[in-house]
Structure formats: structure tokens, C-alpha cells
Amino acid sequence: MLIVQLSDSHLSADPTRRYRDVDADTRLTSMLARVSRYQPDLIVVSGDVSDDGSSASYQRAAASFDALGCPWVWLPGNHDHPATMSQVRALESVIHSSGWQILLLNTWIEGEEGGRLGEAQRAQLEAQLASDTSPALIVLHHPPVSVDTDWMNEIGLEDREAFWAVLGRYDHVQAVLCGHIHHEMTCLHRGVPVMSVPAIAAQFVPDRPDFAVDACAPGGFRLIRLSMEGMRQPRLSTRVEYVPV
Ligand SMILES: [Fe+2]
């Protein structure tokens, strides 16, 4: 199974409105043109689809994803408006394919840049992992780990310790994918790989204490291949592909 992770398109109701000096609609179009070469089995969009939470932005994004002709799902980021988003396409939480389970989490908090799972969703995650022991890939918008960018750490996942406490009780979570930080990152946290993806729209400059945007940096997407081998051993391979601006 080939999954493409996309993130942070930051579209607005007005398609001519720029996001951090970038034409977000044009970036999305060129990104999806490259994605279409791979004919993925599933596209997962990990939040900040919209910059203003407008219905028009979700409808344009959904039409673009539909045009690829493959299944796709999305989850909300801090810039999204989940209720408006779900009127255009429902927010799914579990997908099964190729012997894997893909768990989509909602970390949105109204009016805040940071994210939180909350007690109810953590209990739901625990129940899912307890009842289904197939290899799991978790996707959420906010990184549940510290990153090498100080300002970003203040707006990550607030209840990350409780999240990792849940994961620590099971051994079948194979990887965690996130967006939000607008650049590529990979780290190993408590034995689980955690990976982010470049934004579709403008990239943030990593590894510096203050906020900075590189409007000339290429956006990108993550390719994730999931399979089961031999004695039901899960295999995951992944890489990021950059798309020149
Ligand atoms: Fe974003």
C-alpha cells in the first residue's frame, strides 16, 4: 500500500490571497501534479488544509484531491475549522488496509495554535489499540515530540506525555506522522519513529530559536509504503519528495 502524506496547504476563501508571500493554490496544484505520478492508494492530509477555515477553501481543496481519483482523508490543524471541514468531507478516525490500521487524530483546540488530544480521544485511542493489534500508523497535526526549533515547541501537542503513556502500553504502533512544523523532520522517540513532512505552502526555517519563513524553499510530500512480510512482520519505508517552486 502506498500512502502519500500532504500537509499545510493553507488555502483561503479568496484564491488570490497569498500565504506568507506564497501562492498557496499554485503550490497545491503543482504538488498534486507530482503526487499523481505515483498513483497512491491513499492520500492523508495532516491538517492546516485551510488558512481561514472557510468553506470555499475546503471545497477547492477537496475538488483538487478528488481529481487525483484515489481515496483521501484529512484531519484538522490549528488553522482549520473542523465543523466546516467535515461538512465538505467527514473526518475519519480509523482506516484499515494491507493488514495495517491508520489512526487519524484530531488535536484542534479552538482559538489556539497548540494542540491537544484530550481525555476522551486518548481513551478512544487506548480502546482502539487494545482491541486491534494490527500494526498501527498514527497521524496527527501537532508534533508529539520536541523539535529543534524553540518557538515551535511552545505550540506542539500539549498532552504529549499522556499520549506517549498510552502508546507505551502497546508495542504495535510502528510510526507517528505529523504536520504543523512546515519542514521535514525524523526522530526516534521511546522507540517509535516520529516524522513530519514539508508544507505544501511556505516552509518554516528549522533549527533556529525564532520564527522565520523561507518562501523560496520547495514544498514536498511524504511517500509511505506499508506492507506485511513473512511471518506477518510489518514493513514501513518512507521518503520525502520535494517539488521545486
Ligand atoms: Fe501550518
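Residues take their numbers from the sequence shown, with the count starting at 1. Note that ligands are numbered from 1 as they come in the structure, with each ligand's atoms numbered from 1 the same way.
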request  = Please write out which residues are connected to Val245 in a hydrophobic cluster, directly or through intermediates, given that two of Ile, Leu, Val, Met, Phe, Trp, Tyr count as joined at side-chain heavy-atom separations below 4.5 angstrom.
outcome  = none

Any residue meeting salt bridge (Lys or Arg N to Asp or Glu O under 4.0 Å) with Glu241, in chain and number order, not counting sequence neighbours = Arg34, Arg239

message = Can you tell me how the ring of His10 sits relative to the ring of Tyr19, calling it parallel under 30°, perpendicular over 60° and tilted otherwise?
response = parallel

request  = Would you list the pairs meeting salt bridge (Lys or Arg N to Asp or Glu O under 4.0 Å) in which at least one residue belongs to residues 67-93, sequence neighbours left out?
outcome  = Asp66-Arg89

key: Criterion side-chain contact (heavy atoms from CB on, under 4.5 Å) on Leu223 and Tyr38, from CA distance to verdict   = CA-CA 9 Å; Leu223 293 149; Tyr38 290 96; 3.8 Å; yes

Nearest heavy-atom neighbours spanning Leu167 and Leu129 = CD1-CD1, 4.4 Å

task = Anything protein N, O or S sitting under 2.8 Å from the Fe ion (ligand 1): count it and give me the total.
result = 4

